[in-house]
Each structure stands twice: as structure tokens, then as C-alpha cells.
Undergrad: 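Handing you a structure now.
Below, chain A is the first sequence line, B the second, and so on; all start at residue 1. Computed from heavy atoms alone, side chains included, the values below leave out hydrogens, waters and symmetry copies.
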Number of protein chains: 2
Amino acid sequence: MKPTLQAVADAVGVSRSTVSNAYSRPDQLSATLRERILDAARQLGYPGPNPTARSLRRGFVGSIGVLFTSQLSYAFTDPFAVRFLAGVGGAAERHATSMLLVPLPPGQTDARRAVENAAVDGFCVYCVADEEWALDVIRDRGLPYVSTAARDDAGPDERFVGIDERAAAHSAAAHVAGLGHRRVALLADSVLPGAPAGPLSLSGVHEAGHPTTRGRLAGFADAFAEVGVGWGELTLLNAPGNSRQAAIAAVAGLFDGPTAPTAVLAGSDVLALGVLDALAARPDRDRPPVSVTGFDDVPEAAAAGLTTVRQPAEEKGRIAAELLLDPPADAAAGHVLLPTALVVRGSTGPVPRS
Amino acid sequence: MKPTLQAVADAVGVSRSTVSNAYSRPDQLSATLRERILDAARQLGYPGPNPTARSLRRGFVGSIGVLFTSQLSYAFTDPFAVRFLAGVGGAAERHATSMLLVPLPPGQTDARRAVENAAVDGFCVYCVADEEWALDVIRDRGLPYVSTAARDDAGPDERFVGIDERAAAHSAAAHVAGLGHRRVALLADSVLPGAPAGPLSLSGVHEAGHPTTRGRLAGFADAFAEVGVGWGELTLLNAPGNSRQAAIAAVAGLFDGPTAPTAVLAGSDVLALGVLDALAARPDRDRPPVSVTGFDDVPEAAAAGLTTVRQPAEEKGRIAAELLLDPPADAAAGHVLLPTALVVRGSTGPVPRS
DNA sequence: TTGAAAGCGATACCAT
DNA sequence: ATGGTATCGCTTTCAA
């Protein structure tokens with residue numbers, strides 16, 4: 001039987017309140033009594049107040065949750081996610097708060113359960129596909145949250161940190177358009193839930209599944225519309241999952257034939273790196289080069305010479321956590337838009353003359 | 001006022017037990033009643049049983065903790081730690097368990113508190129410097145744990161997953177010794193707590209602070225003892241923290257002079273990469289090459305051509321979590337030794353003729 | 001199949 | 001400065 005606070009109280013001959021005070025409100029008792037209590041506790045092997053019981057009574061837990069769409073192991077594989085987590089972790093640490101990574105099992109019911117059961121004081125919602133149900137649960141629980149993917153129907157009081165996806169994507173696409181590219185493929189993760197890797201046809205951007213994907217595709221499309229290339233003329237490529245493998249599968253066969261795209265705009269660096277892999281693996285190396293852009297500017301992008309859109313990953317995590325841990329009094333300050341920047345490296349160039 | 005289980009019970013006109021059963025033991029009531037209850041709950045915005053209260057009553061939480069020495073943000077910066085976390089995360093996910101990252105604030109008292117307050121069912125103890133106090137707290141709390149750093153006084157029933165640090169380090173050092181190197185520097189993280197970056201003098205390996213560091217240094221020393229180079233002839237270098245920066249600081253000025261070491265054996269890839277950075281930054285590029293070895297074989301090592309000792313990072317995390325989540329009946333199976341392998345790449349070579 | 005009652009282990013108010 | 005008492009929100013025998 002593990003000793004309880006009661007046991008310590010009995011041993012010292014004081015009341016539970018006093019023992020509790022010895023731990024949580026040292027100023028409420030004499031230093032000597034406190035020492036006596038702490039000694040007895042040590043003697044008995046009492047490890048201090050039970051965290052669960054304490055949380056129940058106090059009404060808060062001392063940890064914040066981070067919600068992920070997919071596999072937890074994926075979160076650690078995606079360089080952007082890792083930087084984001086580092087930011088959250090740093091802020092949590094500074095607030096003496098733990099960080100609960102909540103994996104969402106497949107299936108709405110189970111996933112719901114996971115959000116309902118998480119012992120946390122609030123959530124950073126990192127990119128949950130179709131996150132509305134998750135936010136509903138969080139709100140029902142009365143917990144605060146910060147989302148990082150802009151949502152179409154965000155309330156004005158909703159805390160958010162992110163970027164202007166559309167404008168950022170536009171900057172990359174405008175760069176490519178400026179280089180003269182007109183036959184272009186757009187590659188994105190989970191364009192349609194469940195769709196296989198490869199070309200896909202959508203009547204418009206609004207049909208895309210994930211809000212982030214939607215925003216980036218829209219930005220790409222904007223830039224090409226400006227130079228007279230309509231949505232219908234762009235090749236849309238789906239990658240089922242944000243991985244190099246998925247990208248490689250998505251562009252299989254894409255570069256064969258005389259009307260192959262001269263540029264690929266990817267919705268993430270990881271996908272773009274996959275495209276570069278695929279390009280490098282082509283047997284005939286002296287075919288005209290294909291321009292490729294990414295998104296995020298993860299550490300690997302620099303080494304690969306990838307032209308991409310930089311967004312501050314760690315900053316995003318840090319701010320998300322801070323918005324949660326000490327909410328700004330001013331509601332407007334709860335909505336943070338981070339700067340982005342086009343980083344031009346070697347992976348983009350002028351259209352090769354045919 | 002958030003609705004409680006009681007409120008739902010009242011609304012439907014049943015007892016709390018029945019509502020509780022509707023959530024946790026569906027087989028204990030009729031499907032129709034259950035539906036009626038769940039509907040009412042939805043109506044009231046009741047988000048399901050409060051996780052904290054449930055945990056208190058049931059006696060378990062549904063999450064496992066991961067303990068880190070240092071900054072949480074560091075955990076995400078160190079590639080080995082990230083792979084380890086990915087392993088833990090994957091296993092946790094498969095067991096429908098969350099993962100609590102518990103940052104340890106500086107200062108024993110606060111750090112203790114953090115371990116005492118973590119709402120978890122057990123701990124994976126990842127490399128806590130002088131971890132004895134942490135293990136004491138965990139044991140007092142009556143929680144199971146798995147440690148990943150071999151400890152000198154581990155009980156036989158103590159669950160563990162790791163490698164034979166000494167033998168693994170030996171393999172790297174033997175390789176370097178075999179190449180003819182005799183003037184060698186050993187570089188490790190936190191050789192002595194609080195010591196600055198740079199050379200350090202220790203009467204023996206046993207004085208090194210961290211058990212992992214101790215094991216690796218011992219293995220290095222073993223191999224050189226075998227070729228007649230004693231401990232006193234080896235240059236010992238301290239890096240205060242496992243980072244490239246720390247390594248760069250530690251080797252400052254090391255390669256000047258005619259009796260500079262011809263090889264550096266680092267206790268981690270990150271440190272080794274720092275040494276390579278420092279070497280690459282030397283103004284005079286045509287000085288004789290210095291051999292460098294790392295430890296871990298993180299993803300970056302391959303690209304850098306680093307000779308290193310591979311250990312299965314993700315596997316280590318996965319097994320740690322599994323040892324915790326379903327403990328083997330056989331106590332001996334609770335002690336897992338993972339294989340390591342020397343990976344020879346370009347960063348080591350024969351001693352340059354002088 | 002359902003309900004009553006007894007905690008799980010602690011905290012906080014209000015007296016003393 | 002200390003103690004009494006009423007919760008915090010739920011689960012779980014056990015009896016009906």
C-alpha cells in the first residue's frame with residue numbers, strides 16, 4: 001500500500017490540511033513543522049501529493065496537449081513538425097508545463113475518445129485533417145486551444161498562429177511563372193482524402209480536402225491565372241501522405257513525353273525533395289531540367305538547394321504554446337500571422353528552350 | 001458551468017452509475033437506454049467522463065512519461081533523441097496511450113517536483129544525468145519504468161534497453177588504433193558536470209560523470225590500452241552539452257602544433273560533426289587530415305561520411321515503450337541489449353606520415 | 001438491468 | 001498557525 005497524505009498526517013499527528021499546506025503553501029505553517037512533516041514523508045516513502053488527485057481538486061493538470069492527424073511516429077519523421085514541437089516544448093518548459101502528445105487512432109469514434117480522454121489544460125491543434133470534430137470536443141470540454149491551420153469558419157475569438165498560406169504559395173508560383181514556366185504540375189498532400197498517388201482532377205481549388213493544402217493550391221493557381229494559365233491547364237498531383245515516397249509515387253511517369261511539365265510546385269519541402277529524388281533517378285540524365293519548389297524551408301532544403309517558401313517553424317510552435325499558456329488580454333493579439341519569405345536556390349531556373 | 005455526468009443522469013432520469021456504464025461498459029445496459037443517455041449527453045454538451053476524475057478512480061492514467069535531462073527543445077534538436085521519441089511514440093500509439101514529455105527544470109528540487117507531478121502510468125527514462133534521484137521518486141510513486149542508460153547498480157528486476165556502450169566504443173577505437181593512430185583525443189559530453197569546453201584531466205575513466213559517457217570512454221581507452229597507449233597519453237576533451245557548437249569550442253586550438261592528435265573519437269555523432277566543422281573551418285586546408293569517429297549513426301552521419309558506431313535508435317524507443325506497456329512475464333526478458341555495428345566511412349584513414 | 005453508497009487522494013474555505 | 005468539512009467527478013462493488 002502506497003502511503004497517502006493521510007498517512008503522513010497521522011504519523012506526524014496533524015491534519016491533512018496541514019500536510020497539504022506543507023507541500024503547496026509553505027507560508028501557511030511554521031518552518032519547523034514543515035520540516036517535521038517533510039521528514040516523516042521521506043521516512044514513509046511518501047512521494048508527494050498524487051498528481052491526479054491534486055489535478056481533480058485544483059481543476060487543472062499542468063500539461064498541454066498537442067494534437068496530430070496521423071501517426072505519432074510521423075510527427076517525428078517530418079522535419080517541420082519536429083521544429084514545431086521543439087518550439088512548443090521550449091515554451092512549455094519555460095512555463096513548467098509538460099507536453100502531452102496525443103495520437104489520434106484511425107476512426108472518428110476512437111479518435112474522439114482520445115481527445116476526450118487527454119488529461120490536459122488545453123490543446124495546440126497541429127494540422128488535424130478536417131479538424132472540426134476535434135475542436136468541437138475541445139470546446140465541449142471547455143478547454144482553450146490554439147490552431148495552426150487557418151480554418152474557414154474560425155470565430156473571431158479563436159486563437160491562431162500561422163501564415164498566409166495563399167500569399168506565401170503565390171510568391172513561389174509567381175517566381176516560377178516569372179521564369180517562363182507554363183506547363184506546370186502542382187503536387188500536394190491529401191488533395192482528396194483516400195485518393196491514390198498521382199494525377200487528379202478537381203473542378204476547382206475549393207474541392208481540396210485539407211485547408212492548408214487548399215490555401216497553398218489556391219496561391220499557386222492565383223499566380224498562374226495572372227499569366228493566363230487557368231486552373232484546367234495545371235496538372236494536379238495527389239500525394240497520399242507527406243513523404244518523399246508519396247511524392248515519388250505521385251510523379252511516376254510524369255516527365256515522359258514532349259508535353260511534360262517543366263516545373264513542379266510542391267506543397268511541402270518533403271514532397272519537393274521526393275520529386276528531386278525521382279528526377280535524379282531518371283535513367284537519362286541529360287533531359288532538360290525540371291524546376292521544383294518546396295514549402296517550409298526545413299533544414300534539409302538548404303543542402304538540397306531547394307527553392308522554397310520559408311516559414312518559421314519553431315517560432316510557430318513557441319507562439320502556439322504561449323498563446324495557450326498566457327493568453328493575451330487583447331483578443332486581436334490572439335491571432336498571429338507569421339512572416340514568410342521566398343528562398344530562391346538552385347532547384348528553379350528558366351524554362352529550357354525546346 | 002460545464003455539465004457533469006450527474007447532470008446527464010438527472011436529465012435522463014437515471015443514476016450516475018448507469019450513465020457511467022453507458023460510456024465505459026456498454027454491455028451493462030440496454031442499447032436503447034444507452035442511446036438515450038448518449039443523446040442527452042450530446043444535447044447537454046457533455047464531453048464524456050472527465051479524464052482526471054476517471055483516472056483518480058480507476059488508478060491509471062493512460063499515458064507514459066519520457067524523462068529528459070535537459071531542455072525539451074534540445075530533445076528535438078538531437079537527431080538521436082528524435083528517432084528515439086519516434087520509436088516510443090509509435091509503440092504508445094499502438095497501445096492507445098499518450099506520451100507525456102516531462103521537462104526537467106534546472107535545480108534538483110524543481111526537477112524532483114516535475115517527476116512527482118507527472119500524471120503518467122510509468123516512465124521511459126532517457127538519459128538523465130545522475131538519474132538516481134529520479135528513479136527514487138519514480139519508485140516511491142510505485143510506478144514502473146524502463147531505463148536506457150545502463151546504471152552501475154541496477155537491480156535484476158529493473159527493466160532496461162540499451163547497448164553495450166563499452167564494447168561498442170571499443171569497436172570504433174580499435175578501428176582507429178588499427179589505422180595506426182597513437183596521438184588521439186577523446187571527446188565527450190559532460191565528462192564532468194559544470195566543466196568548461198576543452199581539455200580536461202581525469203585520473204581515470206571512473207571519474208567521468210555520466211554513465212553513458214563513462215562507458216564509451218572506457219571502451220575507447222580499452223582499445224588503446226591494447227596497443228600500448230595508456231589513459232594518461234590520451235587527450236580528454238569535455239563538451240558541455242551535446243551540440244556541434246560545444247564540440248567546436250572543445251577542439252579550439254587542438255590541431256595546432258606538431259604533436260596535435262591525429263584522430264578524435266567523439267562520444268556522439270553530433271559532437272563528431274562539430275569536429276568536422278571545426279576541421280573544415282581551419283584556414284590552412286592542406287594540413288594532414290585528422291580522423292574522426294562518431295557514435296549513433298544518425299541520419300546526418302551518412303551524408304557527412306562519418307565513421308561511426310550504429311545503434312538502432314527508433315528500435316530502442318519502441319522497445320523501451322513496449323517493455324513499459326506490456327512487461328514480459330520473464331524478468332530476464334526485461335533486460336534488452338541491442339546490437340551495434342561499426343560503420344566505416346570516409347572520416348577515418350591511416351595516420352598521415354610526418 | 002439498474003441504483004445506492006462508498007470511496008479514489010487531495011485542496012480550500014472558514015473557523016478557531 | 002492549524003484543523004474540520006465539504007467537495008472535485010467519477011467508478012465500482014453489492015443489493016435489489
Side-chain angles (χ1 to χ4, degrees), chain A residues 1-38 40-41 44-62 113 116-121 140-143, chain B residues 1-38 40-41 44-62 113 116-121 140-143:
Chain A
M1 200 53 208
K2 270 172 305 178
T4 67
L5 183 147
Q6 175 77 72
V8 178
D10 291 348
V12 183
V14 295
S15 77
R16 294 188 319 227
S17 330
T18 304
V19 178
S20 175
N21 283 336
Y23 282 96
S24 311
R25 310 166 63 172
D27 51 315
Q28 297 297 298
L29 31 44
S30 64
T32 48
L33 178 54
R34 185 174 129 93
E35 256 326 305
R36 205 143 61 80
I37 291 175
L38 262 28
L44 295 172
Y46 174 70
N50 176 312
T52 308
R54 169 185 283 218
S55 298
L56 176 58
R57 187 58 241 241
R58 299 230 264 214
F60 73 89
V61 179
R113 209 71 122 193
E116 289 169 354
N117 287 332
V120 296
D121 299 320
D140 279 351
R141 286 189 56 183
L143 294 178
Chain B
M1 200 53 209
K2 270 173 302 180
T4 67
L5 183 147
Q6 176 76 73
V8 178
D10 291 348
V12 183
V14 296
S15 77
R16 297 192 314 234
S17 337
T18 304
V19 178
S20 175
N21 284 334
Y23 282 96
S24 310
R25 311 167 62 172
D27 51 315
Q28 296 297 298
L29 33 41
S30 64
T32 48
L33 179 54
R34 184 173 130 93
E35 258 325 307
R36 206 144 59 83
I37 291 175
L38 263 29
L44 295 172
Y46 174 69
N50 175 312
T52 305
R54 168 185 286 217
S55 298
L56 177 57
R57 187 58 237 248
R58 289 198 174 166
F60 74 89
V61 179
R113 210 72 123 191
E116 290 169 353
N117 287 332
V120 297
D121 299 320
D140 279 351
R141 286 188 57 183
L143 295 177

Undergrad: Set out, line by line, the N/O atom pairs under 3.5 Å between protein and nucleotides 14-16 of chain D.
TA:
none

Undergrad: I need the CG-C1' distance between B:Leu5 and C:dA4, as an integer number of Å.
TA: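 B:Leu5 atom CG is separated from C:dA4 atom C1' by 15 Å.
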Undergrad: Tell me, please, which residues at least two apart from A:Ser24 pass side chain to side chain donor-acceptor pair (under 3.5 Å).
TA: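 If we apply the side chain to side chain donor-acceptor pair (under 3.5 Å) test to A:Ser24, skipping adjacent residues, the hits are A:Arg54.
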Undergrad: Among residues at least two apart in sequence or on other chains, which ones pass side chain to side chain donor-acceptor pair (under 3.5 Å) with A:Arg113?
TA: none
Undergrad: Apply side chain to side chain contact (heavy atoms under 4.5 Å, CB included) to B:Arg141 and list each qualifying residue two or more places apart in sequence or on a separate chain.
TA: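 For B:Arg141, the residues satisfying side chain to side chain contact (heavy atoms under 4.5 Å, CB included) (neighbours in sequence not counted) are A:Pro47, A:Pro51, B:Ala118, B:Phe123, B:Val137, B:Leu143.
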Undergrad: Quickly work out the B:Arg16 CZ to D:dT11 C1' distance and round it to whole Å.
TA: 10 Å
Undergrad: Starting at CG of B:Asp10 and ending at P of C:dA4, how long is that distance when rounded to a whole Å?
TA: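 Answer to the nearest Å: 11 Å.
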Undergrad: What is the distance, to the nearest angstrom, from the CD1 atom on B:Ile37 to the P atom on D:dT11?
TA: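 Taking atom P of D:dT11 as the reference, CD1 of B:Ile37 is at 12 Å.
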Undergrad: With rounding to the nearest 0.5 Å, note down the distance linking CG in B:Leu5 to CG in B:Leu44.
TA: 11.0 Å
Undergrad: Is the distance from OP1 or OP2 of D:dG3 to the nearest side-chain N or O of A:Thr18 less than 4.0 Å?
TA: yes
Undergrad: Looking at DNA chain D, which of residues 20-30 of chain A put a heavy atom within less than 4.0 Å of it?
TA: A:Gln28, A:Leu29, A:Ser30
Undergrad: With A:Gln28, which residues qualify under side chain to side chain donor-acceptor pair (under 3.5 Å), at least two apart?
TA: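 Testing A:Gln28 for side chain to side chain donor-acceptor pair (under 3.5 Å), a comparison that skips the adjacent residues, returns none.
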Undergrad: For B:Asn117 and C:dG9, what is the distance between atoms CG and P respectively, to the nearest whole Å?
TA: 17 Å
Undergrad: Among all residues two or more places apart in sequence or in another chain, which pass the side chain to side chain donor-acceptor pair (under 3.5 Å) test with B:Ser17?
TA: B:Ser15
Undergrad: Sequence neighbours left out, what passes side chain to side chain contact (heavy atoms under 4.5 Å, CB included) with A:Ala41? Give chain and number order.
TA: A:Val8, A:Tyr23, A:Tyr46
Undergrad: For DNA chain C, determine which residues of residues 46-59 of chain B have any heavy atom closer than 4.0 angstrom to one of its atoms, and list them numerically.
TA: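 DNA chain C contact set from residues 46-59 of chain B: B:Leu56, B:Arg57.
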Undergrad: For residues 31-38 of chain B, dump all side-chain donor-acceptor pairs below 3.5 Å to protein atoms at least two apart in sequence or in another chain.
TA:
unit_1	atom_1	unit_2	atom_2	d
B:Thr32	OG1	B:Ser30	OG	3.3
B:Arg34	NH1	B:Ala22	O	2.3

Undergrad: Whole angstrom is fine here: how far is it from CD in B:Glu116 over to C1' in C:dA10?
TA: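 From B:Glu116 CD to C:dA10 C1': 15 Å.
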Undergrad: Bend across the helix from C:dT1-D:dA16 to C:dT16-D:dA1, to 10°, with axes taken over 5 pairs at each end?
TA: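 Rounded to the nearest 10 degrees, the bend comes out at 30°.
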Undergrad: Residues in side chain to side chain contact (heavy atoms under 4.5 Å, CB included) with A:Thr52, at least two apart?
TA: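 Side chain to side chain contact (heavy atoms under 4.5 Å, CB included) check on A:Thr52 returns A:Asn50, B:Thr52, B:Ser55, B:Leu56, B:Val61.
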Undergrad: Taking OP1 and OP2 of D:dG3, is either one under 4.0 Å from a side-chain nitrogen or oxygen of A:Ser17?
TA: no
Undergrad: Please classify the nucleic acid contact of A:Val19 as base, sugar-phosphate, or nothing, using heavy-atom distances under 4.0 Å.
TA: nothing
